[in-house]
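To start, the structure under review is shown below, and the notes come after it.
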Amino acid sequence: MNWTNLPDPVAFAIPVFVLSIIIEVVAVRLGWRGDYDWRDTGTSLAMGLGNTIVGALLAGTSAGIALWAWQYRLFDVPMGWASFALCFVLDDLAYYWIHRAGHRIRWAWAAHVIHHSSQHYNLSTALRQTWSGLFGLTFIIKLPLFMIGFPPALVAFCGGLNLIYQFWIHTEAIGRLPRWFEAVMNTPSHHRVHHGTNPRYLDRNYAGVFIIWDKLFGTFEAERDDEPVRYGIIKNLATFNPFWVAIHEWVGIGRDLLKARSLRQALLAAFGPPGALSGDTADVIRARWEAQAARAVAHPAE
């Protein structure tokens, strides 16, 4: 195994992605659970293409940051399958925290919100990726992997495998899988919850591959048959324009910074949780819903 000559697994997976979307479209037409809107799908594909182009343009910057961190490594990780397996697990743990930061810090959310902007949930949604991921700054969470001693090429390879895994969980066509699998792995059921705007589902299930991180860190929520998932974001976009999808939250941050009347307001506008200025954060929305549910139980006749 050569750490310096690892292929980009995503490049090899792209034909499989396209074929899988075609198969899902046909399956939905034949009556399988799911939904497609061609305008929405077109936006998702445009976002995926833009992400690929931006990624290629900024590849040198990303590699440079990784190599800079790697020069301060504590160890030289030996080549071998055990090292690969450990890197894959630690990379997935880093992804959990990157993903969680992407929902809890508005600056990072501005880069990540693109992926949640679709009100449909199908395999094309998996390709709705950001054009400004590097500017979200969450990549710093992965720097410890390089400083431990995992070569940048290996970390990138594991990250690519992680991304490939997450493609297939963006579907309504697959229900719940065997209990042992649902207990350990991220699945379509778990990830549907993550894309939900229902108060119960907000900011839950950040996992990439292993759902155990959510269970360990208290962010797991199971999908319920009595509460269908509503997809999208709290304030859904009224456009399929990919350029506005890509920048709308950055524009929102800029507007709020211009209106800020104190340093505190400015910091909340940029780095507080989404909705901090209006008071409608995910935590507040969930707490309000929980209070209403508790009142309904205590006073069912009202």
Side-chain angles (χ1 to χ4, degrees), residues 3 6 8-10 51 54-55 58-75 77 83-116 126 129-166 169 185-186 190-191 194-195 202-220 249-250 253 267-268 270-274 276 281-283:
W3 287 159
L6 293 171
D8 177 6
V10 178
N51 173 266
V54 172
L58 297 179
T61 301
S62 301
I65 294 171
L67 288 169
W68 171 84
W70 190 50
Q71 71 178 326
Y72 298 106
R73 60 191 179 277
L74 298 175
F75 311 101
V77 174
S83 298
F84 163 72
L86 180 60
C87 184
F88 185 84
V89 172
L90 292 179
D91 177 79
D92 191 56
L93 174 59
Y95 175 85
Y96 169 88
W97 287 106
I98 287 172
H99 199 179
R100 185 166 176 170
H103 282 256
R104 307 298 295 176
I105 302 170
R106 193 184 182 191
W107 189 269
W109 174 243
H112 182 61
V113 64
I114 286 83
H115 183 60
H116 285 264
Q129 296 293 329
T130 182
W131 297 358
S132 55
L134 191 65
F135 302 102
L137 302 180
T138 52
F139 66 85
I140 62 176
I141 295 174
K142 276 199 179 184
L143 295 185
L145 293 179
F146 307 122
M147 300 177 80
I148 289 171
F150 292 105
L154 177 60
V155 176
F157 184 74
C158 290
L161 294 179
N162 196 303
L163 189 64
I164 290 171
Y165 180 90
Q166 292 187 57
I169 62 178
M185 308 298 292
N186 199 7
H190 295 329
H191 204 59
H194 178 68
H195 277 256
L202 278 177
D203 283 9
R204 289 294 184 260
N205 299 2
Y206 298 114
V209 175
F210 301 111
I211 198 66
I212 56 175
W213 307 126
D214 285 286
K215 295 181 178 181
L216 181 62
F217 298 118
T219 53
F220 175 73
E249 188 66 13
W250 293 111
I253 289 176
L267 290 174
L268 282 176
F271 303 111
T281 65
D283 290 340

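Counting begins at 1 with the first residue of the sequence.
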Q | Minimum-distance pair of heavy atoms, taken over all atoms of Ala108 and Ala101 | A | CB-O, 3.6 Å

**Q.** Reported NE2-to-OG1 distance for the pair His112 and Thr138, which is rounded to 0.5 angstrom
**A.** 9.5 Å

Q) Would Arg106 count as a cation-pi partner of Trp109, with NZ or CZ less than 6.0 Å from the six-membered ring centre and within 45° of the ring normal? A) no

**Q.** Closest approach of Gly208 to Asn186 (non-hydrogen atoms, all atoms of both residues)
**A.** O-ND2, 3.2 Å

Q: Mind telling me whether His191 and His115 have parallel, tilted or perpendicular rings, with 30° and 60° as the class edges?
A: tilted

Q: Give, for atom CD1 of Ile169 and atom NE2 of His190, the distance between the pair rounded to the nearest 0.5 Å.
A: 9.5 Å

(Q) Please report the interatomic distance CD1(Ile114) to CH2(Trp131), rounded to the nearest 0.5 Å. (A) 9.5 Å

Q | N-O pairing of Asp214 and Arg204 below 4.0 Å | A | no

Q) Distance from Phe146 atom CZ to Leu67 atom CG, nearest 0.5 Å? A) 8.5 Å

(Q) How long is the straight-line distance from CG of Leu74 back to CE of Met147, given to the nearest 0.5 Å? (A) 7.0 Å

Q) If we only count heavy atoms from C-beta on, is the Val209 to Met185 side-chain gap below 4.5 Å? A) yes

Q | Within-4.5 Å side-chain heavy-atom neighbours: Asp91 and Val155 | A | yes

Q. How far apart are the closest heavy atoms of Pro9 and Ile164, and which atoms are they?
A. O-CD1, 3.4 Å

Q. Would you say the side chain of Phe150 lies within less than 4.5 Å of the side chain of Leu90, judging by non-hydrogen atoms?
A. yes

**Q.** Heavy-atom side-chain contact between Ser132 and Trp250 under 4.5 Å
**A.** yes

Q) Out of Trp97, Tyr96, Tyr95, which residue meets the ring pair (Phe, Tyr, Trp, His ring centres under 6.0 Å) rule with His99? A) Tyr95

Q: Indicate yes or no: at least one non-hydrogen side-chain atom of Arg104 is less than 4.5 angstrom from one of Tyr206.
A: yes

Q. With a 4.5 Å limit on heavy-atom distance, are the side chains of Leu6 and Phe84 in contact?
A. no

**Q.** Approximate separation, where rounding is to 0.5 Å, of Leu93 CG and Trp213 CH2
**A.** 4.5 Å

Q. Going by the angle between their ring planes, with limits at 30° and 60°, are His116 and His103 parallel, tilted or perpendicular?
A. perpendicular

(Q) How close do Ala94 and Leu145 get, counting heavy atoms only, and between which atoms? (A) CB-CD1, 4.4 Å

Q. What is the ring orientation for Tyr72 with Trp68, classed by angle as parallel under 30°, tilted 30 to 60°, or perpendicular over 60°?
A. perpendicular

(Q) Please find the pair of heavy atoms, one from Ala69 and one from Leu143, that lie closest to each other, and give the distance. (A) CB-CD2, 4.0 Å

Q: Could you tell me whether Phe135 atom CZ has more than 12 heavy atoms of other residues or ligands within 6.0 Å of it?
A: no

